[in-house]
Number of protein chains: 2
Amino acid sequence: MKFVLKLPSMTVSQHHEAERNETASFSPLYRQIKRLMIQALELSEWRPGESIPSESELAQRFRVSQGTVRKAIDELVTDNLLLRRQGKGTFVASHDDPRSQFRFLRLVPDDVDSAALPVEPQSEFLECLRARAGAETARALGLAASAPIVAIRRLLRFAGKPVVLEEIYVPGERFDGLDLAMLKGYQGSLYSLFETRFGVRMLRAEERLRAVTAERASAQLLDVPEGTPLLSVERVAYTFGDKPVEWRRGLYSTAAHHYRNELG
Amino acid sequence: MKFVLKLPSMTVSQHHEAERNETASFSPLYRQIKRLMIQALELSEWRPGESIPSESELAQRFRVSQGTVRKAIDELVTDNLLLRRQGKGTFVASHDDPRSQFRFLRLVPDDVDSAALPVEPQSEFLECLRARAGAETARALGLAASAPIVAIRRLLRFAGKPVVLEEIYVPGERFDGLDLAMLKGYQGSLYSLFETRFGVRMLRAEERLRAVTAERASAQLLDVPEGTPLLSVERVAYTFGDKPVEWRRGLYSTAAHHYRNELG
DNA sequence: GAGTGGTCTAGACCACACC
DNA sequence: GTGTGGTCTAGACCACTCT
């Protein structure tokens, strides 16, 4: 037994010797608490934008000290699943929140410096089709070949000028009822819509960037000459359990904008 | 007075009422400890690759509890200034360390997955000149116009094939004695050389990515047709005090490689 | 003033590395 | 075994927000 000597009835338990160092190489209490909290988040016991119980309440519920709950929350905040507001409480992160609005769009106009508040791009949805996954999409999303998907095409404009052309693919199963009318009618970011209407939360993403040349169709939509170099951005976005739930490819016009990245 | 009631003689002090909430909006003890530790790092009291004193020693030195020192170290680890090895100690991060070797190069071959260990690129230095800063370089590095700088050109090869062409500019003042012979003779990354030979530590960087077309000279060196789309990566790297000490522009050939990015 | 997150302390014990 | 970082607890008090 470890870390539990003074705990008469553990919710999270390491009471069994068997649990010690078998295959799972020792998980501290706060990580087990973290896992339980992620579960509560995934099961929507706590919903985006809402506050979760206070640290002392959670400590009672899980039968651990406040410090241990705090450490679990610390990591969830680092993972962008929760956010704290001193004096007010701890809240479930939401794509509605202006704070996490631009977490996934790294393109910014050349002139504005990093301190300035980001310019809100306008989204123009071109189409939204039900289709079957191609080989590439199926692999990226971990689906069976020719599984049902939803394909979206849209154009992003900064200050009226077209800058990003995107094709977005999501599994059809999770997005029942998603169509062009809904996309056009929704106020807010795409991930906000996914979260609000379909309960799908994008937690992290991986991007692959390349330089390519504009084909005729893309060039026309982006209002650049055919052959112009464009930034190709492929993204796989993941939800709970590191499950991929979106694949997209964007073509970014980088004449007056750039992709901004911080290396820590 | 706050947090110091039981501390008879503080090294870090908040004894004076004046310090309370004048302009500097309340800095907790562990941040003051952090600042002192950064100072020790900047002044090379603790050197890259070496271990720093144990947490209990530091607690004694700064007259705070181990938990407070620990929290300061936590942040320094997050900032990539220190790294912990359980059972061994806490160490000053170094660009020699394989762990932080590829922190700043995000280009990877298309085929290898993220789990695989990165392929070591080979560096071929083309030139290294002393010159005077142009307007753009001076602005990026925060130097006076026409301040002395060192300009480096190099080619990176993955598996023998040229993939990255870079121009690198550093202030001449900090890099006395840097020349082509030294670059060619050094084993290890450029930042490792900067750290080892000149005591200049790159702590973080900002990059701006764009798509451009290959000019004739660049195309020849990268062994691609003129007009090929290339990924342009501009970087400003910062050392202690957020002082910019390197500006570089790279042209990445992305036919068989891509720039990999994680969005948290 | 009450409630929440944030800081700090002191002490106990666990996991890991090296001798 | 000794020393290091890592975890956990219990309790006190500070800073912030809202009522």
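Just so we're on the same page: letters track the sequence lines, and every chain starts at 1. If you're wondering where the values come from, they're calculated on a predicted model, not measured in any experiment. Worth knowing before you read on, the calculation uses all heavy atoms, side chains too, and leaves out hydrogens, waters and symmetry mates.
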Return the value, rounded to whole Å, for the distance between atom [atom1] of [X] and atom [atom2] of [N].
| X | N | atom1 | atom2 | value |
| --- | --- | --- | --- | --- |
| B/Glu57 | D/dG5 | CD | P | 9 Å |
| A/Gln66 | C/dT7 | CD | C1' | 11 Å |
| B/Arg31 | C/dG6 | CZ | P | 11 Å |
| A/Asp74 | C/dG5 | CG | P | 12 Å |
| A/Phe91 | D/dC16 | CZ | C1' | 13 Å |
| A/Phe26 | C/dA17 | CZ | P | 13 Å |
| A/Ile73 | C/dG5 | CD1 | P | 7 Å |
| B/Leu58 | D/dT4 | CG | P | 11 Å |

- Passing candidate, salt bridge (charged side-chain N to carboxylate O under 4.0 Å, His left out) with A/Glu262, options B/Arg103, B/Arg204, B/Arg106: B/Arg204
Taking OP1 and OP2 of [N], is either one under 4.0 Å from a side-chain nitrogen or oxygen of [X]?
| X | N | answer |
| --- | --- | --- |
| B/Arg85 | C/dA17 | no |
| A/Lys88 | C/dG3 | no |
| B/Ser56 | D/dG3 | no |
| A/Thr90 | C/dT4 | no |

- Parallel, tilted or perpendicular: ring planes of A/Phe104 versus A/Tyr191, cut at 30 and 60 degrees: perpendicular
Taking only Lys NZ, Arg NE, NH1 and NH2, and the carboxylate oxygens of Asp or Glu, determine whether [X] and [Y] approach each other closer than 4.0 Å.
| X | Y | value |
| --- | --- | --- |
| A/Arg260 | B/Glu207 | no |
| A/Glu246 | A/Arg248 | yes |
| A/Glu55 | A/Arg84 | yes |

- Quick one: on DNA chain D, does A/Ser65 or A/Gly87 contact a more 5' nucleotide (nearest heavy atom)? A/Ser65
- Remember a base hit wins even if backbone is also touched, and classify A/Glu55 as base, sugar-phosphate or nothing at under 4.0 Å, heavy atoms. sugar-phosphate
